[in-house]
Amino acid sequence: MADPSVMSLEEFERHLARAGLAVTPEKARELYACVPFLTAMAARVRADFSYADEPAHVFAAGRPGR
Amino acid sequence: MTAPLYFLSIADAAAAIAARRLSPVELTEAVLHRIAAIDERLNSYVLVTAERALADARKAEAEIAAGNYRGALHGIPIGVKDIYDTGGIRTTCHSHLLANNVPAEDSEAVRRLNTAGTVLLGKLATHEFAFGGPGWDLPFPPARNPWNTEHFTGGSSSGSGAAVAAGLCLAALGSDTAGSIRMPAAYCGLAGIKPTYGRVSRRGVAPLAWSEDHCGPLTWTSRDSALVLQALAGHDPADPASADVPVPDFAAALTGDIRGLRIGVIRHFHETDAVAADGIRTAFDTALEVFRGLGAEVADVTLSPLQDYHAACFVILLTEALAVHEKDLKATPEKFGEIVRDRLTLAAMLSGVDYVQALRMRRRLVAELDAALERFDILITLSAYDAAPQITNVPKFYLFEKPLLTAPFDLTGHPAHAFCIGFNGAGLPYGAQIVGRAFDEATLLKAADAYEQATAWRMRRPPI
């Protein structure tokens, strides 16, 4: 996600608009206050991964639906 | 029997039904009368299917009389969280979006319970789409805690927790994506198992986050959880995540003998990563002494910070939930309750890279938990930081304020079983959870059952 330390309220609103989500200015201000919590979570899932650290996907070729 | 019929455990009711000392019709009528008498104060049901229930009960009674007893769930009245499809019966997900939704078929879990001979009492309140609550802008009011109706049930299986605790069903289906079985179990003083990911089919259950959704029961005792899980568990080719693994006899594992069981205590989750209230920490330490007294070997274990598990769980959950609801959120946002709408809107701030990094973190944390479970047979931690808060004092964004103690095991898929470890001075329950190796639910249930047999908490019922 975009870095909220440099993301203004206006940028937050534009981001939501690009995602196709319409919010009132009042609601945008309320939700904008939660952005630091999301940023902290997004930062936490970034570890010292190596190239070999694959995501925990489950995908089995040749087995439809699985 | 001295307890009212509606307060019987499944095990006791089943024994009486099997011996033909109790009629399924008599039991069902007692529970329906109880619902009629007190549920207007609890709001646990969004739909009571009384005619269906009585028909199911009469059918069970006739089958048993003819010598065709199906097993421990035959003639047992149950409730179903309103995110499980029920064929021909309204299934709303507690949302205006699905206010008139009537599925054609039962979900696989409901089908299996029907096969086991249960009696369907109705559909239970939930947080909207198992995600947002308690809310007052939804088609139905939020469920209330029977231990004190001014307090929160926990969620999202809110009606399931309230109904089982109050004697409005003997078991309920719930679902658990970040704690939605185990939090209501904690706040309502119940047993509730989130089985291993893939153990119970999700087919026909409204998704919240596909890779973290688990289906399971809430019951009064851990033995009852074993009995219901027995009926639910098993491979379903129609669920892509369903595991084709053997299903053991869960009740047979409940020997009461846990001598030598190695229990790892994830103390840092609720003592330093985030801090639980003093009273529940004391209750937890007392519970550990009970396990020691039963012959278990108890030692602390250290994992990654709770916040790491919580972050990975919620980056995945929020992203998958937005994918589920994106179309409706854009087209008819006004049909969602405010809580779900706001949470989904915030999820749009997460990127595809965030999601993949969370999946990479998930693999690492699964390996960490697997390694801990090589040293210990089970792990234990609290399932909530305190007793239930007041229902009007639940923050809309509580998931951002404090990491959920239940979230780690939805992320990793390990089985986790919640059980009651006592009460506070106001009579509200405290809960803990036991975590085990993948597909080893039997050991969790065995340990919790032994604890329940050694303590008196199962003797106490809500004063409502």
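Keep in mind that the numbers below use all heavy atoms, side chains included, and drop hydrogens, waters and symmetry copies. Since we're looking at a predicted model, the values are computed, not measured.
Going from atom NZ of A:K27 over to atom OG1 of B:T345 covers 8.5 Å, rounded to the nearest 0.5 Å. For the atom pair CZ of B:R363 and CD of A:E54, the computed distance is 6.0 Å after rounding to the nearest 0.5 Å. Between B:R364 atom CZ and A:D53 atom CG the span is 5.0 Å, to the nearest 0.5 Å. Rounding to the nearest 0.5 Å places NZ of B:K396 at 7.5 Å from SG of A:C34.
Among all heavy-atom pairs drawn from B:L346 and A:L31, the shortest one is CD2-O, 3.4 Å. When all heavy atoms of A:A56 and B:R362 are compared, the closest pair comes out as CB-CD, 3.5 Å. Annotation for B:A348 and A:L16: closest pair CB-CD2, 4.3 Å, computed over non-hydrogen atoms. Taking all atoms of both residues into account, the shortest heavy-atom contact from B:M361 to A:A47 is CE-CB, 4.0 Å.
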Original post:
Could you walk me through whether A:R46 and B:V353 pass the side-chain contact (heavy atoms from CB on, under 4.5 Å) check?
Top reply: CA-CA 10 Å; A:R46 284 166 167 79; B:V353 177; 3.5 Å; yes
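Annotation: A:E26, atom CD; neighbour count of heavy atoms from other residues, nucleotides and ligands within 6.0 Å does not exceed 12.
Of the atoms belonging to B:F400, heavy atoms from both backbone and side chain fall under 4.5 Å from chain A. Contacts between B:L318 and chain A at a heavy-atom distance below 4.5 Å involve the side chain alone, from C-beta outward.
Between B:L399 and A:F37 the shortest side-chain heavy-atom distance does not fall below 4.5 Å.
Between A:R44 and B:D354 there is no salt bridge, since no side-chain N of the basic residue sits under 4.0 Å from a carboxylate O of the acidic one.
Here B:D342 is the residue among B:L365, B:L329, B:D342, B:L322 with the most heavy-atom pairs under 4.5 Å with chain A.
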